[in-house]
Amino acid sequence: MKRRVVITGAGAVSTIGTGMDEFWRNCLEAKSAVAPVPENWDHYAALHSRIWSPLPEIDPEYLGVARTERLQLDPGSVNAIGAAREAIERAGFGLVPDANNSRVFTLTGADSTRIGVYLGTGIGGAYSFLHNHAHHLYQRARATLKGYAETRASAPEREMLDGVVALMAHGPRYHPFVVSMLMPNSSSAVVAIKFSITGPNTTYCVACASGTVAVGNAYRAVRDGCVDVAVSGGCEYLNDEHGHIFRGFDVAGTLIRDCADPQAANRPFDQKHSGFLFSQGGAAVLILEELEHAQRRGATIMAELIGYAETFDAHSMMSLAPGGAQIERMLRAALADAGVGVHEVDYINAHGTGTRNNDEAETEIIDRVFGKSVRVNSTKSLLGHTIGASGAFEILVTALSLRDQTTHICKNLDAPLRELNFVRAVEPLDLRVGLSQSFAFGGHNAAVVLRRFH
């Protein structure tokens, strides 16, 4: 017999808010963080896209990460710990400091051997890799050029060499923890270490579907009795000093090209869309729990997970397969797993990137499978694309929408590509079943189905 799985806690570190309440309030107010790309990136490449969505300055101590810990962690892992801690506390678990290490905690209210960690990331510790790579590549050459400029160069040569030296920026040292910082599994590992969780610990690296695949597999683990509680979600940190990561997406033609009006440039599903808004990243973590386990603790339940499925296109590393046959198969499999029909789905949190390939294919598939009455929005219209964290944010939004019986608008949508029931206003709704779907480079498709809990 399948066990019922509910969400009892969640945490968020995002470009529009740190903490689930601030994040959700700003979603409902349609707030976005859009800014010009860092000026120094222009020293290294001629970028086509000129805007991104940066994270606010966040004190790691506020996220529960001490300075000594932060120095050994990639920023993506710091954000994951912060979101996980909030989720654990919101779920009502106590945190008892370890007697020998006050920075490590044990959860009360659950058996740590029956708790699993399931996190997704699209790129892992890319920041740490690139930050240390710059030191490895430039440190000696920069010192040599600087020495020559100061002792032997003429005034014109020195001016030129000083400019070159400035471009060879790097950190103060090659970090002794670089290997553990850049590993894709680092975030899952450090969350479990921080909270003394000794059950299964798995990282899902499935590009833009990573967060959805992580939550989906966590759902299966709880449903099938492998664990009683799962810490699940996604995290990503996509900044680096020289703009390497941004340039990778920019040269692929996936980022917003029409940046004349930055606040209106991010337009998923609109006829004037020109690419996705690159986000610096963030983290969203949900606590999944077996229903009776949650009820025995008196936990507050946000929503219930009832289905999951994933498929693979086997078509292209960079684009959706024409016709979307595998996406449709994935959707029907997720609904079958949930035991609901297509016309029972009231709300879809779409992948909704703002790229031509995604938006045209996704709207056609939604229309074909669900029809025109289901409500649709794109959380990426607010956050931009957080890559491996995106699916986790979107599942969180779906759960909050079911809990509060309302959801955020699809921002900057003036002329839809297709006449679907896009969310245009924040208003009371009757939402019983919601679905969050993700598609990823490589050809990965995944969806989670949720139900209002009552």
Side-chain angles (χ1 to χ4, degrees), residues 27 30 32 208-209 212 253-258 261 264-277 311 313 315-316 318-332 334-335 340-385 390-391 394 397-398 401 406-427 429-431 433-441 443 445-449:
C27 282
S32 296
C208 314
T212 302
T254 62
L255 303 186
I256 291 172
R257 294 299 177 94
D258 183 0
D261 182 354
N266 184 24
R267 313 180 69 88
F269 301 127
D270 190 84
Q271 292 177 21
K272 293 184 178 180
H273 61 174
S274 66
F276 71 73
L277 176 65
T311 61
D313 283 350
H315 167 70
S316 168
M318 298 288 282
S319 62
L320 301 179
Q326 298 308 317
I327 293 175
E328 180 174 348
R329 185 169 70 88
M330 175 271 294
L331 290 170
R332 295 190 184 280
L335 296 175
V340 299
V342 292
H343 297 299
E344 295 180 78
V345 177
D346 303 298
Y347 163 61
I348 295 173
N349 192 302
H351 190 54
T353 60
T355 61
R356 180 176 300 173
N357 180 251
N358 177 92
D359 289 2
E360 291 179 355
E362 187 169 20
T363 52
E364 193 278 328
I365 293 165
I366 290 173
D367 196 353
R368 186 172 75 228
V369 175
F370 297 96
K372 298 183 183 298
S373 63
V374 63
R375 294 182 183 271
V376 180
N377 66 2
S378 166
T379 298
K380 293 184 184 72
S381 73
L382 307 178
L383 295 182
H385 203 337
S390 62
E394 290 152 16
V397 166
T398 305
S401 300
T406 192
T407 194
H408 66 74
I409 65 168
C410 203
K411 192 173 182 179
N412 295 326
L413 183 61
D414 298 327
L417 290 169
R418 186 177 287 257
E419 289 302 320
L420 298 177
N421 192 10
F422 291 107
V423 180
R424 303 297 191 96
V426 176
E427 58 188 358
L429 301 171
D430 181 17
L431 303 178
V433 176
L435 180 144
S436 180
Q437 62 187 23
S438 298
F439 319 136
F441 280 177
N445 312 303
V448 171
V449 185

CA sep, side-chain torsions, deciding dist, call: I409, R424, side-chain contact (heavy atoms from CB on, under 4.5 Å): CA-CA 5 Å; I409 65 168; R424 303 297 191 96; 5.6 Å; no
[atom1]-[atom2] distance between [X] and [Y], expressed to the nearest 0.5 angstrom:
X: E360; Y: I365; atom1: CD; atom2: CD1; answer: 12.0 Å
X: I327; Y: I366; atom1: CD1; atom2: CD1; answer: 10.0 Å
X: N266; Y: K380; atom1: CG; atom2: NZ; answer: 10.5 Å
X: F370; Y: N421; atom1: CZ; atom2: CG; answer: 13.5 Å
X: M330; Y: L335; atom1: CE; atom2: CG; answer: 9.5 Å
X: T407; Y: I348; atom1: OG1; atom2: CD1; answer: 12.5 Å

Determine the minimum heavy-atom distance between [X] and [Y], stating which atoms define it.
X: L435; Y: T398; value: N-CG2, 4.2 Å
X: P268; Y: C410; value: O-SG, 4.3 Å
X: T212; Y: S438; value: OG1-OG, 2.7 Å
X: D346; Y: D430; value: CG-O, 4.0 Å
X: R267; Y: D414; value: NH2-OD2, 2.6 Å
X: L431; Y: S401; value: CD1-O, 3.8 Å

[X] side chain to [Y] side chain, donor-acceptor N/O pair below 3.5 angstrom:
X: S319; Y: S316; result: yes
X: H408; Y: T379; result: yes
X: E394; Y: Q437; result: no

Check: [Y] and [X] side chains under 4.5 Å, non-hydrogen atoms:
X: P416; Y: F422; answer: yes
X: V397; Y: Y347; answer: yes
X: F269; Y: N377; answer: no
X: L413; Y: K411; answer: no
X: Q326; Y: F439; answer: no

Is a donor on one side and an acceptor on the other found under 3.5 Å between the side chain of [X] and the backbone of [Y]?
X: E344; Y: G341; value: yes
X: S274; Y: I256; value: no
X: D359; Y: G354; value: yes
X: D313; Y: H315; value: no

Basic-acidic side-chain contact under 4.0 Å: E364, R418: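 Here E364 does not pair with R418 in a salt bridge, since their nearest N and O are not under 4.0 Å apart.
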Parallel, tilted or perpendicular, as decided by the 30° and 60° cut-offs, for the rings of H351 and H385: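 Correct class here is perpendicular.
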Over 12 foreign heavy atoms within 6.0 Å of CZ, R356: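 Check fails, neighbour count at 12 or below.
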From CA spacing to verdict: salt bridge (Lys or Arg N to Asp or Glu O under 4.0 Å), K372, E419: CA-CA 7 Å; K372 298 183 183 298; E419 289 302 320; over 6 Å; no
